[in-house]
Amino acid sequence: MRKKHNGMRPQDVLILLEILARYKKQENINGDSFNGWSLTNKVIAQDLQMSESEVSESLKRSEYAGLLEDYKSKHINKRAFLDFLLYGLKYVFPAHPEGLARGIPTAHSVAPLSENIVSNEVYVWASANGTVRGQTITPLYPTVPEIVKNDENLYTLLALVDAIRTGSARINKLASTQLEHYILG
């Protein structure tokens with residue numbers, strides 16, 4: 001029987017970003033490149049507020065797409081993933097500003113991009129817990145506004161990804177440079 005792969009889904013990008021954020025956090029804590037450290041599907045599922053089976057299927061899709069070298073070890077093909085984020089993401093998962101709402105800042109409205117971009121336009125993920133009013137951007141996954149509260153690395157990555165999904169050429173270039181530095185070092 002042939003395995004079914006229906007292409008990438010938005011949560012696949014979120015899960016890969018979570019793995020990168022976790023590795024970066026672990027690297028900063030230990031000062032090395034996470035030798036001997038493993039990240040379980042259960043931990044990812046809990047952190048992202050999704051089921052373990054959803055995480056497992058996502059990892060298999062990412063491996064099939066070539067973005068993950070091995071779904072069990074969760075070793076990301078960083079160059080391929082970066083290329084997908086920079087050149088494919090805005091076409092596969094575009095985001096367009098919608099109505100005004102209170103929410104959590106994203107894209108160029110949050111650091112590190114907000115440090116270099118002066119704009120009256122604020123983009124947010126709609127959230128009752130948000131403190132900023134702006135144009136809403138649909139997050140990659142519904143739980144994003146909640147899960148970023150506890151993970152600064154993931155928040156930064158998701159904001160940079162949203163800048164690529166929504167930004168002008170200038171914002172896209174700045175976000176691309178930041179993502180490349182974050183992912184490839």
Side-chain angles (χ1 to χ4, degrees), residues 4-25 39-68 71 74 76-78 80-99 101-111 113 122-132 134-167 172 175 178-179 182-183:
K4 185 178 179 183
H5 295 282
N6 290 328
M8 296 294 288
R9 297 183 184 167
Q11 63 264 35
D12 301 345
V13 176
L14 175 61
I15 290 168
L16 293 174
L17 291 173
E18 166 70 1
I19 293 168
L20 282 173
R22 282 287 192 142
Y23 283 167
K24 186 66 130 181
K25 185 177 181 179
L39 179 60
T40 66
N41 290 3
K42 183 176 184 175
V43 169
I44 294 171
Q46 288 172 343
D47 286 353
L48 300 180
Q49 299 176 12
M50 59 178 66
S51 71
E52 283 184 63
S53 63
E54 194 172 5
V55 171
S56 179
E57 288 301 312
S58 172
L59 294 172
K60 290 175 186 174
R61 282 190 301 271
S62 292
E63 181 182 41
Y64 186 78
L67 302 178
L68 200 59
Y71 79 91
K74 297 169 187 64
I76 294 174
N77 182 340
K78 290 180 181 180
F81 185 47
L82 179 64
D83 287 347
F84 174 71
L85 293 175
L86 300 183
Y87 307 114
L89 187 73
K90 66 182 175 181
Y91 301 108
V92 179
F93 306 118
H96 301 285
E98 297 169 7
R102 184 172 55 156
I104 298 168
T106 187
H108 66 274
S109 304
V110 67
L113 296 179
V122 176
Y123 290 164
V124 299
W125 297 308
S127 172
N129 298 326
T131 58
V132 177
Q135 297 228 15
T136 60
I137 297 295
T138 302
L140 283 171
Y141 195 75
T143 61
V144 164
E146 290 300 311
I147 62 176
V148 297
K149 288 188 248 175
N150 301 321
D151 192 334
E152 186 178 324
N153 288 327
L154 183 59
Y155 184 19
T156 298
L157 286 169
L158 284 164
L160 291 170
V161 162
D162 275 355
I164 289 173
R165 293 172 62 213
T166 61
N172 193 317
Q178 292 284 336
L179 272 172
Y182 193 100
I183 293 172

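These numbers come from a predicted model, not from an experiment.
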Do the non-hydrogen side-chain atoms of [X] and [Y] ever get within less than 4.5 Å of each other?
| X | Y | value |
| --- | --- | --- |
| Asn129 | Lys149 | yes |
| Val43 | Arg22 | yes |
| Asp151 | Asp47 | no |

Starting at [atom1] of [X], measure out to [atom2] of [Y] and round the result to the nearest 0.5 Å.
| X | Y | atom1 | atom2 | value |
| --- | --- | --- | --- | --- |
| Met50 | Ile15 | CE | CD1 | 4.5 Å |
| Tyr87 | Ile164 | OH | CD1 | 9.5 Å |
| Arg165 | Leu158 | CZ | CG | 9.0 Å |
| Leu16 | Phe81 | CG | CZ | 4.5 Å |
| Ser51 | Asn41 | OG | CG | 10.0 Å |
| Leu85 | Leu17 | CG | CG | 6.0 Å |

- Query: Hey, is Asp12 close enough to Arg9 for a salt bridge, meaning N to O under 4.0 Å?
  - Reply: no

- Passing option when Ile183 is tested against Leu82, Leu160, Ile76 for side-chain contact (heavy atoms from CB on, under 4.5 Å): Leu82

- With no hydrogens and no angle check, is any side-chain donor or acceptor of Thr156 less than 3.5 Å from a backbone partner on Glu152? yes

- For Leu39, does its backbone N or O pair with a side-chain atom of Lys74 as donor and acceptor, under 3.5 Å? yes

- Message: If you count every heavy atom of other residues, nucleotides or ligands that lies below 6.0 Å from Gln49 atom CD, does the total exceed 12?
- Response: yes

What is the minimum heavy-atom distance between [X] and [Y], and which atoms define it?
| X | Y | result |
| --- | --- | --- |
| Val124 | Gly134 | CG2-O, 3.7 Å |
| Gln135 | Pro97 | OE1-CB, 3.1 Å |
| Tyr182 | Ala21 | OH-CA, 3.9 Å |
| Leu14 | Tyr141 | CD2-CB, 3.5 Å |
| Thr166 | Ala107 | OG1-CB, 4.0 Å |
| Met8 | Ser62 | CE-OG, 3.9 Å |

- Item | Plane angle bin for Trp125 and Tyr155 - parallel if under 30°, tilted between 30 and 60°, otherwise perpendicular | tilted

- Walk me through it: do Val144 and Leu154 pass the test side-chain contact (heavy atoms from CB on, under 4.5 Å)? CA-CA 10 Å; Val144 164; Leu154 183 59; over 6 Å; no

- Arg61 and Gln11: side-chain contact (heavy atoms from CB on, under 4.5 Å), yes or no, with the steps? CA-CA 11 Å; Arg61 282 190 301 271; Gln11 63 264 35; 3.9 Å; yes

- Item | Derivation and outcome, side-chain contact (heavy atoms from CB on, under 4.5 Å), residues Asn172 and Lys90 | CA-CA 10 Å; Asn172 193 317; Lys90 66 182 175 181; 3.5 Å; yes

- Task: Take Glu52 and Thr40 through the test side-chain contact (heavy atoms from CB on, under 4.5 Å) and record every step on the way to the result.
- Result: CA-CA 9 Å; Glu52 283 184 63; Thr40 66; over 6 Å; no

